[in-house]
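Values reported hereafter were calculated over all heavy atoms of this structure, with side chains retained and with hydrogens, waters and symmetry mates removed.
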Amino acid sequence: MALTVKPIKLWRREIENKPGALAQTLEPLAIQGADLQVVMGYRYPGREEKAAIELYPVAGKKVSVAAERAGLSEAAIPTLLVQGDNKPGLGHAIARAIANAGVNLDFLVAQVMEGRYSAVLGFDSEADLKKAVLLIKKAASGKRRGLE
């Protein structure tokens, strides 16, 4: 299967970093049947009392209302979701292609499970995101030295 590369809208909330904050935020979405593909929770280095939760997708009226009631809102950061079959060197090929084009990443979360690659990438601007879509597709196709 080829790699899919698509823009997504993360929903985000800044919270106090305390036990149960993630579960409390996710509960209203779970009650409404949200089928989340991405959930990230992290505290801020140097400000350990603060944290953030980011998730995707928030789809449908009931889930959107639940997300808003949980304090979540659409994040402003341009974000891509990349999914497909893994192959050795794929993560490096994507990182190298983006770097060679002078595009800076705001963040990257990637993993491989049962041979499937999945990554969420954040960018400084929509222009960088659009540029990265083409770069990632080319890098994943193996049309680079060392991945042929």
Side-chain angles (χ1 to χ4, degrees), residues 1-140:
M1 175 184 172
L3 219 59
T4 61
V5 183
K6 68 178 183 178
I8 63 169
K9 274 293 182 191
L10 288 177
W11 282 61
R12 186 173 198 283
R13 177 182 181 198
E14 292 190 8
I15 58 170
E16 288 184 47
N17 183 25
K18 62 182 181 179
L22 177 62
Q24 181 181 0
T25 300
L26 295 177
E27 184 174 19
L29 286 88
I31 290 169
Q32 292 303 322
D35 186 14
L36 302 174
Q37 294 179 23
V38 175
V39 177
M40 297 182 283
Y42 53 90
R43 67 180 185 187
Y44 297 128
R47 293 180 49 212
E48 284 74 19
E49 72 282 357
K50 293 292 180 187
I53 297 169
E54 297 177 335
L55 51 87
Y56 165 83
V58 172
K61 184 68 173 165
K62 287 182 184 180
V63 174
S64 295
V65 169
E68 289 171 357
R69 285 189 182 146
L72 293 154
S73 60
E74 284 190 0
I77 187 166
T79 307
L80 288 176
L81 177 62
V82 179
Q83 295 177 309
D85 293 332
N86 188 46
K87 60 184 173 183
L90 178 59
H92 174 258
I94 290 170
R96 177 54 50 211
I98 291 169
N100 286 349
V103 174
N104 192 39
L105 288 171
D106 276 3
F107 68 86
L108 164 72
V109 177
Q111 67 180 10
V112 175
M113 294 185 66
E114 298 180 2
R116 300 277 299 151
Y117 179 86
S118 180
V120 180
L121 300 90
F123 299 91
D124 289 338
S125 67
E126 287 292 331
D128 283 349
L129 177 142
K130 288 177 183 175
K131 186 186 255 187
V133 169
L134 299 173
L135 295 166
I136 292 167
K137 287 180 178 181
K138 184 176 180 181

F123 side chain near L105 side chain, heavy-atom distance below 4.5 Å: yes
When rounded to the nearest 0.5 angstrom, what distance separates CG in D106 from CG in N104? 6.5 Å
One should read off an interatomic distance between L55 CG and K9 NZ, to the nearest 0.5 angstrom, of 13.5 Å
Does the K87 side chain pair with the main chain of A140, one donor and one acceptor, at a distance under 3.5 Å? yes
Can you pull the side chain to side chain donor-acceptor pair (under 3.5 Å) pairs that have at least one residue in residues 122-132, sequence neighbours excluded? none
One should read off an interatomic distance between L10 CG and S73 OG, to the nearest 0.5 angstrom, of 11.0 Å
Nearest 0.5 angstrom please: I15 CD1 to I53 CD1, how far? 3.5 Å
Side-chain touch L3/I136, heavy atoms, less than 4.5 angstrom: yes
Please name the pair of heavy atoms, one in P7 and one in L129, separated by the smallest distance, quoted to 0.1 Å. CG-CD2, 4.1 Å
Give me the atom names and distance for the closest heavy-atom approach of G122 to I77. CA-CD1, 4.1 Å
By the side chain to side chain donor-acceptor pair (under 3.5 Å) test, which pairs, at least two apart or in different chains, include something from residues 15-39? R13-T25
Option passing side-chain contact (heavy atoms from CB on, under 4.5 Å) with L121 (candidates V103, I98, V109): I98
Measure the shortest side-chain to side-chain distance between Y56 and T79 over non-hydrogen atoms and say whether it is less than 4.5 angstrom. no
Mind checking side-chain contact (heavy atoms from CB on, under 4.5 Å) for A110 and listing every partner two or more places apart, or none if nothing turns up? L108, Y117, A119
Taking all non-hydrogen atoms of both residues into account, name the closest pair between A101 and L135 and its distance. CB-CD1, 3.5 Å
Report the distance from atom NZ of K138 to atom CD1 of I94, rounding to the nearest 0.5 Å. 14.5 Å
Closest non-hydrogen atoms of V63 and A34, given as atom of the first, atom of the second and distance, are CG1-CB, 3.8 Å
Rounded to the nearest 0.5 Å, what separates atom CD in E114 from atom CG in D85? 12.5 Å
Worked verdict on L90 versus V112 for side chain to side chain contact (heavy atoms under 4.5 Å, CB included): CA-CA 11 Å; L90 178 59; V112 175; over 6 Å; no
